[in-house]
Amino acid sequence: MKTRRTWLKWGMLGMLITATSLTRAEDLGDINATADPSRLVPISVAGYTGEVDKTLRFDLEVAGFRLVSAETAQYNLNGKNNSDVEARLTDRISKASLLGKQYSGGSPRTQAHALADDVVMAIHKTPGIARTKIAYKGESGAHSEIFVADYDGFNPVALTKDNTICAAPTWVPGRRMVLYTSYRSGYPDIYSHDLSSGERRAVARYPGLNSSASVSPDGRRVAMILSKGGSPDLYVSDIDGSNLLQLTKTREDESSPCWSPDGSTICFVGRVNERRALYTVPSGGGTMTRLRTDGTLNPTEPDWSPDGKTIVFTSQMGGFSICTVPSKGGTAEVLVAGEDPSWAPNSRTVIFTKRARNKRILSLLDVPSKRVKDIAINLGNCSQPSWAK
Amino acid sequence: MKLSNFLPVILVAVAVATSGMGCKKTPKNVTNIPGSSSPTSGGPNNMSGPLPGSTRPINPGNPAANDSGTRTSALPPGSQDSGNNLDKLGTGLNARPEDMNEDRLTLSSQSVYFDYDKSTVRSSEHAKVESVAAFLKNQPKAILRIEGSCDERGTEEYNRALGERRALAVREYLLTLGVTADRVTTLSFGEDKPANPGHDEAAWSQNRRGEFVVLRAKQ
């Protein structure tokens, strides 16, 4: 049954399904066909009910775990949520107790998220992502607005009510602030929006295009695409729009800048001799250098991992694919079908847009295992996710 | 990173849990989650997770009120939104979008179409641009807006830039025909405003376009 369902669901990728993944399909639940289950950590979860159980399982699967029976698991997570969430995590082989905790306050969901993050810290030794936020472009009638939600899509809040096109949200690192493009003036302009005060300010509204904002890791500078110079070029300014500096001056269109974690370099999409490629440029100005993405075509939408090692991007080869390449450039790896990737703060998980006919949804990718989990609630058509860091 | 406030709590909890008496039935470590059901407990030291924390309300504000259509909202320091320095249309005429009437009909049959992923004005489209140039010579008070669009076979921000590049290519051709730069403004919709919502080449070829909108000052 599950094998058949897997084939149906992933029919287009059917040729990639290996004999191993077929024979193991019973164990793997909804793991996508291209995933590498050997990179997932087997864990059992027992004792939880309802929303806590669902939330916890979703969080752990996104975080690179595989839910299995207690006997085959490497780790056993047991607990209950009669009232507050309680948890005990043990290593099945060594019998070592890794976690014994009780949670109070918040909601069942936030308690489950907190537990998931504790499990991730105990096993992966890295901070979890279950209580992080995303921003995205959501369709709203004939228009699109900017929304902010929990990383799993729950608790969506409309940030804009502009009744026009709003797009390209991006977080200011370390702050409760989002920048985005809105056509509310009739033209695409860049705004910053403080999530605490609700205050909105214009960052760039020059003639023509103002879009694709990306904020430096220190939160002080904005890279963006402006066409005021006669062609869509890359610029940087201070976060308030002042001290504008033009970084590229080409006849072709540049797009989608992102920052290296040390703030020294900006990676973006350029086009030379009619060929799209990723380029880097020093953020203070300098020469455009091509970044090799061997094995892929038409790269766009780069995003630099917070640990600095990897750039994730979209390649267009027929459809769209999420790909990674070492940040120095080189041979790229094609991961899964999708577009518009954004790294989580853990430099391991990526949120991206999955496009089907007349429908776009957000999905979460565990990069090492290539496992994909669609966001569990229906947010309508949405795209351009940006992960708060 | 931003978890640093929370980390000590976790580490202490793990340390206590794993040191000696880890096998008791009731966990001794209680992590309090700030949130609605414990409104007094959400002190800053309990904030967990990067940025917004899932427990602090997001305030969308009322941007429409503080930026109400008049383009006089908060601007970056150093610039004033008094109208004169904010030449959004780029026409040098200090024309604000809300002061103009849009005429989408007059030049609707002159839309310029593009090849896939290209922003070059094809020779087959030259006659249309030339007729637009002639129209502008006869309508000295009119301003032109060129709206560039793309098919869906590109990523969104790439298409937003490509649509602008297309509109600018049409603008450049108009300028070679003697139209002055201050009369032509550009706007890109990327793939957000398809003329045809279909998903085949017939639809895509109609969506890769530059449309002409005539702007006239309201009387």
Side-chain angles (χ1 to χ4, degrees), chain A residues 86 97 99-107 110-111 114 118 121-122 127 131-133 148 150 157-159 161 165 168 176 185-187 195-202 205 207-209 211-212 225 227 231-232 240-242 253-256 269 300-301 314 339-340 345 357 383-384 388-389, chain B residues 1-3 10 13-14 17-18 22-23 27 29-38 41 48-55 58-64 66-67 71 73-78 87-90 97 119 154-158 160-162 164-165 168 185-189 192 199:
Chain A
E86 295 177 22
S97 173
L99 188 71
K101 279 186 101 165
Q102 184 177 333
Y103 299 81
S104 72
S107 67
T110 53
Q111 290 193 3
D118 285 345
M121 177 55 81
R131 285 167 294 170
T132 55
K133 290 277 185 188
V148 170
D150 296 349
V157 175
L159 209 55
K161 293 185 180 84
I165 300 166
R176 286 165 54 87
S185 75
Y187 292 77
L195 302 193
S196 299
S197 68
E199 185 191 9
R200 167 154 77 176
R201 300 178 75 85
R205 46 180 184 182
L209 179 69
S211 194
S212 301
I225 304 298
S227 70
S231 188
D240 62 4
S242 60
D253 41 292
E254 278 84 70
S255 62
S256 293
V269 181
T300 58
E301 304 177 331
T314 306
E339 63 190 287
D340 218 345
R357 210 175 171 83
S383 62
Q384 298 199 301
K389 296 189 239 320
Chain B
M1 303 181 290
K2 305 299 172 299
L3 276 173
I10 298 173
V14 171
T18 50
C23 293
N29 311 287
V30 176
T31 297
N32 188 45
I33 318 286
S36 50
S37 69
S38 55
S41 64
S48 58
L51 284 173
S54 41
T55 54
I58 287 163
N59 183 356
N62 187 359
N66 62 31
D67 195 357
R71 307 192 56 69
S73 63
L75 269 184
D87 182 21
K88 179 62 208 178
L89 292 177
S119 56
T155 50
E156 289 194 46
E157 289 308 297
Y158 177 81
R160 211 173 305 282
L162 177 61
E164 181 72 11
R165 185 60 249 164
L168 287 163
T185 178
T186 56
L187 168 59
S188 173
F189 287 113
D192 281 327
H199 303 288

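So that the names make sense, note that chain A is the first sequence line, chain B the second, and so on, each numbered from 1. Atom set for the values below is all heavy atoms of this structure, side chains included, hydrogens, waters and symmetry mates excluded.
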Exercise for the section: Please step through side chain to side chain contact (heavy atoms under 4.5 Å, CB included) for the pair Thr314(A) and Glu156(B), ending with a clear verdict. Expected result: CA-CA 11 Å; Thr314(A) 306; Glu156(B) 289 194 46; over 6 Å; no
Exercise for the section: Considering non-hydrogen atoms only, spot the tightest contact between Val30(B) and Tyr103(A) and give its length. Expected result: CG1-C, 4.5 Å
Problem - Residues which pass side chain to side chain contact (heavy atoms under 4.5 Å, CB included) with Ser255(A), listed by chain and number, not counting sequence neighbours - result: Val269(A), Tyr158(B), Ala161(B)
Exercise for the section: Could you tell me whether the side chains of Ser212(A) and Glu157(B) share a donor-acceptor contact shorter than 3.5 Å? Expected result: yes
Problem - OG1-OH distance between Thr186(B) and Tyr187(A), expressed to the nearest 0.5 angstrom - result: 8.0 Å
Practice task
Kindly indicate, with the supporting measurements, whether the criterion side chain to side chain donor-acceptor pair (under 3.5 Å) is fulfilled by Ser231(A) and Arg165(B).
Solution key: CA-CA 6 Å; Ser231(A) 188; Arg165(B) 185 60 249 164; 2.9 Å; yes
Exercise for the section: Sort Leu162(B) into side chain, backbone, both or neither according to what part of it lies under 4.5 angstrom from a heavy atom of chain A. Expected result: both
Problem - Straight-line distance of Ser185(A) OG to Leu187(B) CG, nearest 0.5 Å - result: 8.5 Å
Fill in the blank from the handout: Contacts of Ser119(B) meeting side-chain hydrogen bond (donor to acceptor under 3.5 Å, both in side chains) (sequence neighbours excluded), chain-then-number -> none
Handout entry: Point-to-point distance, once rounded to the nearest 0.5 Å, from OG1 of Thr31(B) to CG of Asp118(A)
Key = 5.5 Å
Problem - Rounded distance (nearest 0.5 Å) linking atom CD of Glu339(A) with atom OG1 of Thr155(B) - result: 7.0 Å
Handout entry: Separation between CG of Asp253(A) and CD of Glu164(B), rounded to the nearest 0.5 Å
Key = 9.5 Å
